[in-house]
2 protein chains.
Amino acid sequence: MKYYIGIDLGGTNVRALLVDANGETYSEVKESTEKEQGPDYVYTKIVRMIRTLDYDACGGFENVRGIGIGVPGPVDTVKGVMIMASNLPGFEGYPIVEKLKAEFQKPVFLDNDANVAGLAEALLGAGKGYPTVYFITVSTGIGGAFIVDGKLVSGGRGHAGEIGNIIVKPGGYKQGALNAGAAEGECSGTAITRKGQAIFGDAVKHAGNVFDLAAKGNEDAIAIAEESINELSTLLANIAHTVDPHCFVLGGGVMKSRDYFWDTLNRQFNEKIHVGMRNHIPLLLKKLDDCGAIGAAMLPMSQLGDE
Amino acid sequence: MKYYIGIDLGGTNVRALLVDANGETYSEVKESTEKEQGPDYVYTKIVRMIRTLDYDACGGFENVRGIGIGVPGPVDTVKGVMIMASNLPGFEGYPIVEKLKAEFQKPVFLDNDANVAGLAEALLGAGKGYPTVYFITVSTGIGGAFIVDGKLVSGGRGHAGEIGNIIVKPGGYKQGALNAGAAEGECSGTAITRKGQAIFGDAVKHAGNVFDLAAKGNEDAIAIAEESINELSTLLANIAHTVDPHCFVLGGGVMKSRDYFWDTLNRQFNEKIHVGMRNHIPLLLKKLDDCGAIGAAMLPMSQLGDE
């Protein structure tokens with residue numbers, strides 16, 4: 001059995017795990033990030049956490065094959081640095097991979113949290129056994145990851161899967177720096193909440209409230225839900241025509257309301273894809289919980305292969 | 001040096017080539033397809049053509065490493081059969097790969113003509129040296145191919161790259177079985193010609209006429225050109241967010257009018273992509289001519305790797 005270290009470096013907490021190739025966890029450390037102390041401080045914390053893990057299960061640290069790190073934001077996977085780090089001030093361009101490599105003399109890989117979660121789902125979760133998997137999380141934002149033969153396709157600038165910016169409604173709502181009518185502005189949890197609050201005010205706290213109202217027959221809520229699911233199905237169809245994945249794996253908070261929209265989403269998606277693909281691309285539900293650190297540990301596994 | 005056979009099986013002609021890993025051609029045979037004679041007849045013709053090639057350059061047929069075939073329509077790359085074959089009646093489900101394998105005792109690979117052309121561009125043409133390439137042809141239709149580390153991503157049902165069906169204008173023109181507002185119905189050569197003929201009648205024979213009129217300052221033509229290029233830039237941006245390719249390679253008849261729209265297309269594309277990708281994904285022009293058979297020969301090379 002081969003062993004890997006996964007680091008889930010978030011804006012709030014850092015988790016470090018020792019796992020094997022099946023994703024089984026042998027040791028875990030969790031600390032608050034204290035990001036306001038700056039990247040050198042956080043880096044030193046990560047080094048200490050890696051040293052704190054218990055390596056008895058694998059017969060010592062020397063048997064660890066590599067280290068993977070998941071971070072909140074796009075990364076340059078070649079240089080091993082974050083490109084934007086709005087949630088981790090100072091980490092933009094910070095040579096975390098280079099430093100960890102020098103410190104531990106092991107292969108180190110970095111990718112963003114959506115990619116890392118998608119990798120975990122593809123290798124160990126709902127997408128296990130499918131040659132290609134497109135993972136999509138519909139939550140506050142919309143993010144994705146494309147996994148081919150067990151490896152992430154990160155893209156030239158680590159932006160593969162930045163599907164929240166795909167235009168599903170030209171001239172539609174403009175959210176922040178995204179395109180007008182981008183998926184994230186039209187069918188994310190935030191978008192559905194916004195549409196709901198415009199009609200129902202404070203009665204809507206999150207997207208789930210809109211779907212609950214729709215389920216009770218409220219026509220305004222039904223209209224919002226139908227429009228949003230229609231746009232989500234357009235997003236899925238556009239991705240399907242670009243890469244024809246063997247399956248989609250869907251996660252994120254909005255999926256909690258899937259009982260309301262799952263059949264509609266499936267039907268619309270299949271209506272919008274090429275006849276030769278119809279009913280051949282299953283939409284699967286995310287299986288793993290809290291898989292950021294496990295997914296990070298899968299980065300070296302997927303990159304180093306079986307050699 | 002390693003040697004491969006490429007077969008470009010079109011609705012009109014069949015070409016067979018013997019090439020090396022650099023795409024240099026040593027022997028070529030071309031015949032008309034005579035598709036109306038049915039698949040067994042065409043298959044027998046292909047076998048004869050393969051036998052007719054001159055193998056002196058590689059020291060005999062036994063030194064050929066594999067055979068690749070490009071066909072007009074989506075294929076099941078795992079089963080090695082065409083899924084739809086409107087241009088080659090009878091070839092839907094016809095076990096051409098299995099039969100050629102049995103006949104010649106070599107690895108045989110099948111893919112569609114857009115994928116095969118994209119593979120040639122990625123390995124030998126404009127995309128050479130880029131880790132990932134998204135190839136797009138804007139012609140009568142719109143097709144594409146995604147190449148990662150020198151290998152085609154064909155997808156679960158061979159439909160990766162069927163980007164003509166991506167929705168760029170919800171509720172837009174419905175062409176044939178495609179989605180309303182699909183790219184092929186909005187910004188292909190056929191679409192631009194249709195829009196032009198609606199205003200200029202027979203004066204427009206093809207998309208190039210519309211761009212010529214626009215270049216002369218005709219405002220109706222300018223409006224058609226701008227709308228179409230806007231939609232093409234949306235298509236490119238949507239694909240970029242899905243896979244973040246290291247470059248796009250653009251080909252097809254519409255590119256003959258690129259002098260008119262190239263700068264606009266680049267500007268709009270960059271405006272529509274995530275800030276972290278901006279000016280990092282070059283739009284390149286297709287380099288190779290008539291690369292179907294060479295691309296087909298690259299199929300075994302890309303699939304078999306260097307072992």
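Within every chain, numbering begins at 1; the chains are lettered A, B, ... in the order of the sequence lines, protein sequences first and strands thereafter. Just so it is clear, the values below take in all heavy atoms, side chains as well, and ignore hydrogens, waters and symmetry mates.
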Minimum heavy-atom distance A:Gly155-B:His246, with the two atoms named: C-CE1, 3.8 Å

Distance-minimising heavy-atom pair for B:Asp244 and A:Ala160: CB-N, 3.1 Å

NZ (B:Lys128) with more than 12 external heavy atoms under 6.0 Å: no

A:Glu98 atom CD: more than 12 heavy-atom contacts under 6.0 Å: no

Side-chain heavy atoms of A:Met84 within contact of B:His274, under 4.5 Å: yes

Sub-4.5 Å side-chain heavy-atom contact between A:Ile239 and B:His241: no

Toward chain A, the part of [X] with a non-hydrogen atom under 4.5 Å:
X	result
B:Val275	side chain
B:Asn179	side chain
B:Ile273	backbone

Point-to-point distance, once rounded to the nearest 0.5 Å, from NE2 of B:His159 to CZ of A:Arg278: 10.0 Å

Donor-acceptor contact present, side-chain [X] to main-chain [Y], <3.5 Å:
X	Y	value
B:Arg157	A:His280	no
A:Asn238	B:Ile167	yes
A:Tyr134	B:Thr242	yes

Part of A:Met277 lying under 4.5 Å from any heavy atom of chain B: both

Which portion of A:Glu231 sits near chain B, non-hydrogen atoms under 4.5 angstrom: neither

Working for side chain to side chain contact (heavy atoms under 4.5 Å, CB included), residues A:Val148 and B:Val148: CA-CA 9 Å; A:Val148 174; B:Val148 175; 5.7 Å; no

Largest heavy-atom contact set with chain A, pairs under 4.5 Å, which of B:Ala180, B:Gly161, B:Ala182, B:Ala237: B:Gly161

Largest heavy-atom contact set with chain B, pairs under 4.5 Å, which of A:Leu178, A:Asn165, A:Ile163: A:Asn165

